[in-house]
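Shown below is the structure under consideration.
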Protein chains: 2
Amino acid sequence: MGLQTSLEDIVGKDYVITDPQALVPYSHDEYLRHRNLPPLAILPDSPAEVVEAMKACRAYGVPVTPRGRGTGLAGGAVPLNGSVVLSLERMNRVKELDLEDGTISVEPGLIVEALHHYVESKGLFYPVDPASLDSCSIGGNVATNAGGPRALKYGVTRHYVLGIDAVLPDGRVISHGGKYIKNTTGYDLAHALIGNEGTLCVFTGITLKLIPLPPAQRDLLIPFSTMSDAARAVVKILNQLRIVPAVLEFMDKTSIKVAEAATDKPFPHTDAGAHLLIQLDGLDEEEVDKQMIRVGELCMELGAQDVMVALNDTMRDRLWEARRILHEACNAASSAVEMQDVSVPRSQIPRLLAELEALGKRIDKPIACFGHAGDGNVHVSILHQDEDPEPFLASLDRINTEVLSIVAGLGGTISGEHGIGSVKKKYLERWLGDNEMALMKALKRMLDPEDFLNPQKIVC
Amino acid sequence: MGLQTSLEDIVGKDYVITDPQALVPYSHDEYLRHRNLPPLAILPDSPAEVVEAMKACRAYGVPVTPRGRGTGLAGGAVPLNGSVVLSLERMNRVKELDLEDGTISVEPGLIVEALHHYVESKGLFYPVDPASLDSCSIGGNVATNAGGPRALKYGVTRHYVLGIDAVLPDGRVISHGGKYIKNTTGYDLAHALIGNEGTLCVFTGITLKLIPLPPAQRDLLIPFSTMSDAARAVVKILNQLRIVPAVLEFMDKTSIKVAEAATDKPFPHTDAGAHLLIQLDGLDEEEVDKQMIRVGELCMELGAQDVMVALNDTMRDRLWEARRILHEACNAASSAVEMQDVSVPRSQIPRLLAELEALGKRIDKPIACFGHAGDGNVHVSILHQDEDPEPFLASLDRINTEVLSIVAGLGGTISGEHGIGSVKKKYLERWLGDNEMALMKALKRMLDPEDFLNPQKIVC
């Protein structure tokens, strides 16, 4: 009896995919240039099936690559070294919403947007909002410690995880935490495992903290002549007004142009050096409007070209349109795109953009920068617009090295929210000090000495 | 040349304490019944001195117990197995406050209240406020992942740590993170180490995220006839008003009586079954007053006996007095106290208190309960008031076992913020499943196979 038959016995014949065509979606994530077809994909429906499937693979010496919904941008879900894909997509149920405790227990395959809608319909809020929220899964979010625009005020995935159930590479099941908010019961196994990108464990159950849904919100789009002006406004909104917006995003000039081309619609203020996209929230409209007036007036004082306010959902969608489509728009505007996800001290964003602009001139490529002005996490898209992508791809390592050397000079890091996966592995190795690298390797070796789970990722 | 001489060469003669009388303060934390005199205490003044001191101790085969300010409540800083104390008290400097980035880099010995005052004088806020904030150190807070009343709205220490420098048991130095807010650069070494209680590393530098200081706040003390009524108000403040107070504490009837006796002042509403202590904050007084009226009216509807509002700092101090002195008051009211720090789903607080009241009757001891109504973290003080503490101490294991069995039945855990240290070690062993215990032990073994750092704690 081969591995395939064993797996069919565990999850049922319909849930072991072997047809090469049907396996294509399991061969890559959203970093589309990195692909590898797995021998098969298994779709278990329960934690017990996950354990049995992993044990069967181990018995056959076949590694396993766990997969949420494949929306990552670092090749973390690409099955390498002959591994089979273990997709959590069928395990997408809400197990328990506890209104009094403000907690929800879910399976890992639940789509984050579905989670949002469900809890918001009860007046509760799970604020973490990665750009892919309509298609990414909560298990993938926990595995990558996903962020999103609301991270400035509300934090990232890690800040909402109260409990986890996980299967370790050797098939042992562990459970940590529960429906309580504070926990100092020995070493924090959950926090040690969050963000492991499927290399240390497979999450099979997650309990999240929910908070009250803010009753009112208001969105603003504010063009500035330069990124420096916009960055000064960011600091003053926080330090002088002492307002923490739910969202404080920026888009540079190249981003706006790319978005304009992709939508074939003219945008107002395309000559602006940078746009800030701000979402304010609070207890009621009166309070939020008061914040809005303070923010708007401050920005005008600091040289904003305009303050556009969304008065209803249609206008809100319009304001957000450019930001939402930017990732796709960058793809549409180029024959090849390389995207970095750097994180710098927020005061360094203007210097980062200036140095990237200079780099773009040197390599003769537009570089679109957008992202999280409030927390310094900047998505850097290097656009190659000639037909033949090969020369660009051949020079990528040199270009990436230049980007990361700029980031190093500004005291930042090479990944703010996308993670390392397989694509950034070689940069991690150059980036980390010897002791940090040794410690990460020791952690991997402790749990997965044979590189059985998500092989050849992060430090392997 | 002995160890003492080596250490004197490293930190200077004045900073190696060997006089037994001078060593007494280094023999215990605030769990006063557990003490052990170390052979000596070293007070290094720099990360380099920490490394050198640890290497010298290792060369002599003498283990090391790191110490912040000894305000812990689980015996975590008690030097066991012949270990010397390594006190970080001299390393108490602010290294850099970055106003634009909203970050501060500090040495571990800095007192948390000094940190509060310093950043608040600049309009910034470090919200974590353990009860011992006037004497505890930030390094100790990171080592224990300290919480406090503001954890409900603002989170615990972990949520503010952006970067750490640490010395591992073998003397290697690691550094993780920096002045950037988002970080997914490989495994999160900082989060894996936060809360290790000095058993996996010594923190020598810490970078913290700061947020804008809320410009306005208002404090309320609200007595209810029963804890169930108070708990119903907690849920409705969060779910119906959708207000997240900065603080949402409770004190039960026994706590109020104990506080009254300690201050020798009559308290209003001593007949109340439970008091809620609420702090609201926001952008301005108008907004906070609006919240206050909503909270006050809701509580009156739900049967509150009164709503006392602090209109100035003197009144605020008065409202907070009982809560602040409770720990000392429990000690003053008894010949021996045993304090548990349990964490349960917040909806289970009334059941927890009812079951503890029944336990108190069975063992004929008052049990004072107070703590964090919003997050379910309850401090349980079992008061022994007979002169001779011995029979009580002899029965402690049985009593603690009963408390923890109640907590298990309610889906909670044995420590919300005080940690395990040496005092709760045996309960941790009974509490955790085999796989979780094995994983914690593996983590310790990975970094400290010889139990050199803070020996005989947590899982050793």
Side-chain angles (χ1 to χ4, degrees), chain A residues 99-102 123 144-145 147 151 155-156 159 172-174 176 178-189 191-192 195-196 211-213 215 235 238-239 242 244 287 343-347 375-377 411-417 419-420 428 432 435-436 439-440 442-443 446 458-459, chain B residues 99-102 123 144-145 147 151 155 159 172-174 176 178-189 191-192 195-196 211-213 215 235 238-239 242 244 287 343-347 375-377 411-420 428 432 435-436 439-440 442-443 446 458-459:
Chain A
L99 294 171
E100 286 191 45
D101 291 325
T144 56
N145 189 27
V156 295
H159 302 124
R172 276 180 302 166
V173 171
I174 63 155
H176 188 89
K179 284 164 58 179
Y180 41 87
I181 292 173
K182 275 190 194 150
N183 188 5
T184 55
T185 312
Y187 302 135
D188 200 311
L189 301 180
H191 279 286
N196 80 75
I211 59 175
L213 179 66
V235 168
L238 295 165
N239 286 9
R242 299 202 207 155
V244 185
E287 185 207 321
S343 189
V344 297
R346 65 176 170 234
S347 66
D375 62 39
N377 181 200
T413 191
I414 62 173
S415 180
E417 55 184 16
I420 300 302
L428 183 74
L432 290 181
N435 291 343
E436 292 77 10
L439 189 48
M440 288 191 195
L443 198 57
M446 176 182 105
I458 307 187
V459 294
Chain B
L99 293 171
E100 286 190 45
D101 291 324
T144 56
N145 188 28
H159 301 126
R172 276 180 302 166
V173 171
I174 62 156
H176 188 88
K179 283 164 60 178
Y180 40 87
I181 292 173
K182 276 192 193 146
N183 188 6
T184 55
T185 313
Y187 303 136
D188 200 312
L189 301 180
H191 278 287
N196 80 75
I211 59 176
L213 179 66
V235 169
L238 295 165
N239 286 7
R242 299 201 209 157
V244 185
E287 185 207 320
S343 188
V344 297
R346 65 176 170 234
S347 66
D375 63 38
N377 181 200
T413 191
I414 62 173
S415 180
E417 55 184 15
H418 295 170
I420 301 302
L428 183 74
L432 290 181
N435 291 344
E436 292 77 11
L439 189 47
M440 290 191 194
L443 199 57
M446 176 183 103
I458 306 187
V459 294

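Within every chain, numbering begins at 1; the chains are lettered A, B, ... in the order of the sequence lines, protein sequences first and strands thereafter. Not measured: the values here are computed from a predicted model.
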Who wins among B/Gly195, B/Gly416, B/Gly186 for the most heavy-atom pairs under 4.5 Å with chain A?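 Option with the greatest count: B/Gly416.
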
B/Leu428, part contacting chain A, at a heavy-atom distance under 4.5 Å: side chain

Would a 4.5 Å heavy-atom cut-off, applied to side chains only, mark A/His176 and B/Met440 as touching? yes

Can any side-chain N or O of B/Asp101 pair as donor or acceptor with the backbone N or O of B/Lys179 at less than 3.5 Å? no

Does any heavy atom of chain B fall under 4.5 Å from the side chain of A/Val156, the backbone, both, or neither of them?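 Contact with chain B involves the side chain of A/Val156 alone.
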
Check whether B/Thr185 reaches the backbone of A/Thr413 with its side chain - one donor and one acceptor, N or O, closer than 3.5 Å. no

Among B/Val244, B/Asn196, B/Leu443, residue most engaged with chain A (heavy-atom pairs, under 4.5 Å): B/Leu443

Is it the case that A/Ser415 and B/Thr184 place a side-chain donor and acceptor less than 3.5 Å from each other? yes

So, does B/Arg346 use its side chain to make a donor-acceptor pair with the main chain of A/Tyr180 at under 3.5 Å? no

Side chain, backbone, both or neither of B/Ile458 within contact of chain A (heavy atoms, under 4.5 Å):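 For B/Ile458, the contact with chain A is made by the side chain alone.
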
Please determine, among A/Ser347, A/Gly123, A/Pro345, the option with the most heavy-atom pairs under 4.5 Å with chain B. A/Pro345

Mind checking the CG-CD1 spacing from B/Asn377 to A/Ile181? Nearest 0.5 Å is all I need.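 Those atoms lie 10.0 Å apart.
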
Quick one: does any side-chain atom of A/Arg242 pair with a main-chain N or O of B/Pro212 as donor and acceptor, under 3.5 Å?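 Side chain of A/Arg242 to backbone of B/Pro212: no pair is present.
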
Where does B/Val459 contact chain A at under 4.5 Å (heavy atoms): side chain, backbone, both or neither?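 Just its side chain gets close to chain A.
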
Toward chain A, the part of B/Ile414 with a non-hydrogen atom under 4.5 Å: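 Both parts, heavy atoms under 4.5 Å.
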
Between A/Pro215, A/Gly376, A/Ala192, who has the most heavy-atom pairs with chain B when the cutoff is under 4.5 Å?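 Result: the option with the highest number of such pairs is A/Pro215.
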
So for A/Leu213, is it side chain, backbone, both, or neither that comes closer than 4.5 Å to the heavy atoms of chain B? both

Can you tell me if B/Asn435 uses its side chain to pair, donor with acceptor, with the backbone of A/Val173 under 3.5 Å? yes

Chain A contacts, top residue of B/Leu432, B/Leu189, B/Asp188, B/Asn145 (heavy-atom pairs, under 4.5 Å): B/Leu189

Under a 4.5 Å heavy-atom cut-off, does chain A meet the side chain of B/Leu99, its backbone, both or neither? both

Counting heavy-atom pairs closer than 4.5 Å to chain A, which one of B/Gly178, B/Gly411, B/Gly102, B/Gly412 comes out on top? B/Gly412

Chain A heavy atoms under 4.5 Å from B/Asn239: which part of the residue, side chain, backbone, both or neither?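 Side chain only.
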
Over all atoms of both residues, closest heavy-atom pair of B/Gly147 and A/Lys182: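 So the minimum-distance heavy-atom pair works out to CA-CE, 4.5 Å.
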
Which bit of B/Met446 is near chain A, if near means a heavy-atom gap under 4.5 Å: side chain, backbone, both or neither? side chain

Per-residue contact mode, B/His159 against chain A (heavy atom under 4.5 angstrom):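 Both parts, backbone and side chain.
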
